[in-house]
Amino acid sequence: MTTAETRADRRSRRRTGGGNAASPSARSERYRHLVNPFEPIRLFSEDQVEAMHQAALRILEEIGLRVLLPEACQRFRAAGAAVDEESRMVRIDRGLVQAALRTAPSAYDLVAPAAHRTVRIAQRHLAVIPVGGPPHVTDSDRGKRSGTLEDFRDFTKLSQQFDVVHCLGACIEPQDIAPEFRHLETMRAQLTLGDKPPFIYSRGNPQVRDCFAMVRLNAGLSEEQFESAAHCYTVINTNSPLQLDIPMSQGIIDFAAAGQLSIITPFTLAGAMAPITLPGALTQAHAEALAGITLAQIVRAGAPVAYGGFTSNVDMKSGAPAFGTPEYVKAAFGAGQLARHINLPWRSSNATASNVADAQAAYESEMSLWGAIMGGCSLLIHGAGWLEGGLAASYEKFILDIEMLQMFAELFQPVAFDADEIGVEAIAEVGPGGHFFGTGHTLGRYEKAFYAPLVSDWRNFGSWSEDGARTATERANALWKKTLQEFQPPPKDPAVTEALDGFIARRRQEGGAPPVS
């Protein structure tokens, strides 16, 4: 073996040992702004998409949507919708929906505390958001347990550390913090441990108002400056079928009025909360999303919104939600088509019903990711860490998902192409029966030629066995611990942290803000 071959072999061994955070981290800046180069997969014809859109408009006109917040009903009525005061059913004329779609922006920036973290929200662009909202957390060492603020901080650190995650998220519910103070502590964690766009729960105007104030304090923004661009985001879930509750209605109003991003997402399970047929489930979800989008535009024409798609099926034997199924993937493709039909950014998810970070979790998540990413989603929520149908956030699953996300990010990278890349001269130099390890063509490229894995172990069986025969989940366990141990928060002006702490102390003294329901 030549000296050149020895160097190449050593480099290969270093890069394929598994759990090597250095190589992916060094290349991760390429993942900060992702543009999907592939044409989205189409499940339905244009005529079929239009038929679902027209059916959704008919649902809104003839059946309507129950809206539980009086202010939202008043705004709908003032805009021309028919509102039944007793039942709170709101019937929305298709002309009102079409007017809303004309003002809803198809592209905008989600401005981050650090300028280089600002995310473009648009078709073809992909922004990844971590797991959001589970009440439990789990890892291989401690098992499943109730989420705490420390867990929330850990997941925020992990989200900050990997550039393939573009926004911070709800992560988990820290149940050791009282509900009236929880929003203050989770917002502080996002603003002090990260510099990516933060998430705010829509749990009533008082909590949202507090969080908006903290975002302004953190960035040094006046109210006018804050409202001139989107600096944070929320997720609005309808209560399928055909209902919009008080906090979600209020959230649409609050975020639209402030010019902040609402990701309006019906969560429909075919056969349970929506028709059992795929076109029926998608049509109902489309109607619910259109109603929320219309309310946002009534409040403020041009308010940033995203079309959320989260349709799956249930196990018809038990009624349990299923994720990563063929039906889930088809629903993702269809939801993407409906979002493009109305020219809005589309949100999808990385989901699994598995209870542990095992093979089922991996293949269901990869199926979900194919549906979302190859369906053309703009926002991928629950991108890393989701487990147990959304009831738990997993430390190991977070790392395993990061590996898959980075692989997709590499798929997005352009392929260099010229005569030298084709390498006819290198092929002639090696000739029949030779090898390419020592050629100049290889030596000039080998250090960055291929994706360097975060978790995967490419060694042979003997080397892998001698090193402990660790599974991918075990390697992920070591990696999340290493990542947290080495974490350094982004630089921050101490005066800003002091201002945030002072705000929280004052609001705690005043009693905080209980969630609204």
Side-chain angles (χ1 to χ4, degrees), residues 21 24-25 27-35 108-122 125-133 151-172 183 185-201 211-212 214-221 226 229-235 255 259-263 304 306 345 347 349-350 377-386 393 398-399 401-402 405-406 408-409 412 480 483-484 486-493 496-497 500:
S25 178
R27 304 176 68 192
S28 62
E29 288 189 14
R30 299 196 300 159
Y31 304 156
R32 288 181 179 177
H33 304 284
L34 296 178
V35 177
Y108 41 85
D109 287 336
L110 183 54
V111 179
H116 66 280
R117 299 291 193 184
T118 292
V119 181
R120 186 67 173 167
I121 309 298
H125 292 253
L126 174 63
V128 176
I129 296 169
V131 61
D151 291 310
F152 186 95
R153 289 171 58 84
D154 282 348
F155 276 90
T156 299
K157 292 173 183 178
L158 292 172
S159 301
Q160 172 66 22
Q161 193 71 4
F162 293 100
D163 281 355
V164 79
V165 176
H166 304 98
C167 302
L168 303 179
C171 295
I172 55 98
H183 65 294
E185 298 301 336
T186 56
M187 181 54 63
R188 185 189 187 280
Q190 291 182 79
L191 297 178
T192 57
L193 297 174
D195 58 9
K196 301 177 182 181
F199 169 84
I200 297 173
Y201 267 122
C211 291
F212 282 174
M214 292 180 71
V215 173
R216 291 195 302 269
L217 273 175
N218 185 65
L221 299 172
F226 174 70
H231 297 270
C232 53
Y233 73 99
T234 193
V235 175
F255 273 73
Q260 304 306 302
L261 171 59
S262 295
I263 305 172
R347 166 260 164 110
S349 299
N350 169 13
C377 83
S378 309
L379 291 139
L380 179 70
I381 298 186
H382 309 305
W386 162 298
F398 189 99
I399 298 299
D401 285 333
I402 291 294
L405 291 167
Q406 291 190 159
F408 274 104
F412 289 1
W480 70 254
T483 303
L484 292 179
E486 297 177 353
F487 177 81
Q488 294 292 328
K492 194 167 205 68
D493 184 346
V496 173
T497 303
L500 290 170

Next on the checklist: When you measure from the side chain of Q260 to the backbone of C232, do you find a donor-acceptor pair of N or O atoms at a distance under 3.5 Å?
Outcome noted: yes
Next on the checklist: Is there a side-chain contact between R32 and E29 in this structure, where contact means two heavy atoms from C-beta onward sitting under 4.5 Å apart?
Outcome noted: yes
Checklist outcome for this item: Rounded to the nearest 0.5 Å, the CE atom of M187 sits from the CG atom of N218 at a distance of 9.0 Å
Checklist outcome for this item: In short, salt bridge (charged side-chain N to carboxylate O under 4.0 Å, His left out) pairs touching residues 191-200 with sequence neighbours left out are R117-D195
Checklist entry - Any chance the side chains of R347 and S349 put a donor and an acceptor closer than 3.5 Å? => result yes
Item to check | Parallel, tilted or perpendicular: ring planes of F162 versus F398, cut at 30 and 60 degrees | outcome: tilted
Checklist entry - Do L110 and C167 come within less than 4.5 Å of each other through their side chains, counting heavy atoms only? => result yes
Checklist entry - Between the side chain of T234 and the main-chain N/O of I200, is any donor-acceptor distance below 3.5 Å? => result yes
Next on the checklist: Side chains of I129 and L379, heavy atoms from C-beta outward: is any pair under 4.5 Å?
Outcome noted: yes
Checklist entry - H231 and F226: aromatic ring centres closer than 6.0 Å? => result yes
Checklist outcome for this item: Value for CZ (F255) from OG (S262), rounded to nearest 0.5 Å, stands at 6.5 Å
Item to check | Donor-acceptor pair, side chain of S378 and main chain of L126, under 3.5 angstrom | outcome: no
Checklist outcome for this item: Heavy-atom nearest pair, G169 first then P130, reads N-CG, 3.7 Å
Checklist entry - Below 4.5 Å, heavy atoms only, C-beta onward: do D109 and I121 meet side chain to side chain? => result no
Next on the checklist: So which atom in V131 and which in G385 form the shortest heavy-atom distance, rounded to 0.1 Å?
Outcome noted: CB-C, 3.8 Å
Checklist outcome for this item: Residue pairs passing the salt bridge (charged side-chain N to carboxylate O under 4.0 Å, His left out) test with at least one member in residues 185-194, sequence neighbours excluded, are E185-R508, R188-D501
Checklist entry - Side chains of D401 and N350: does their closest heavy-atom pair fall under 4.5 Å? => result yes
Next on the checklist: Let me confirm one number: the CG-CD1 distance from D151 to I172, rounded to the nearest 0.5 Å.
Outcome noted: 5.0 Å
Next on the checklist: Within the structure provided, determine whether P345 and Y108 are in side-chain contact (heavy-atom separation under 4.5 Å).
Outcome noted: yes
Checklist outcome for this item: Closest heavy-atom pair, F199 versus L168, reported as atoms and distance to 0.1 Å, is CB-O, 3.9 Å
Checklist entry - From L193 CG over to F152 CZ, what is the distance, rounded to the nearest 0.5 angstrom? => result 9.0 Å
Item to check | Intermediate values then yes/no, side chain to side chain contact (heavy atoms under 4.5 Å, CB included), M214 and L500 | outcome: CA-CA 6 Å; M214 292 180 71; L500 290 170; 4.1 Å; yes
Checklist entry - For the ring pair F408 and Y31, is the centre-to-centre distance below 6.0 Å? => result no
Checklist outcome for this item: Heavy-atom closest pair (A170 atom, G133 atom, distance to 0.1 Å) is CB-N, 3.7 Å
Item to check | From CA spacing to verdict: side chain to side chain contact (heavy atoms under 4.5 Å, CB included), Y201, V235 | outcome: CA-CA 7 Å; Y201 267 122; V235 175; over 6 Å; no
Checklist entry - Where the side chain of H166 meets the backbone of V128, is there a donor-acceptor pair that is under 3.5 Å apart? => result yes
Next on the checklist: Closer than 3.5 angstrom, by distance alone: can the side chain of H33 be matched with the main-chain N or O of H116 as a donor-acceptor pair?
Outcome noted: yes
Item to check | Side-chain heavy-atom pair R30, D163 within 4.5 angstrom cut-off | outcome: no
Checklist entry - Donor-acceptor pair, Q190 side chain versus P197 backbone, under 3.5 Å? => result no
Checklist entry - Does the side chain of I263 come within less than 4.5 Å of I381's, by heavy atoms? => result yes
Checklist entry - For the residue pair A384 and I402, what are the closest heavy atoms and their distance? => result CB-CD1, 4.2 Å
Item to check | L380 CG to L405 CG distance, which is reported to the nearest 0.5 Å | outcome: 6.5 Å
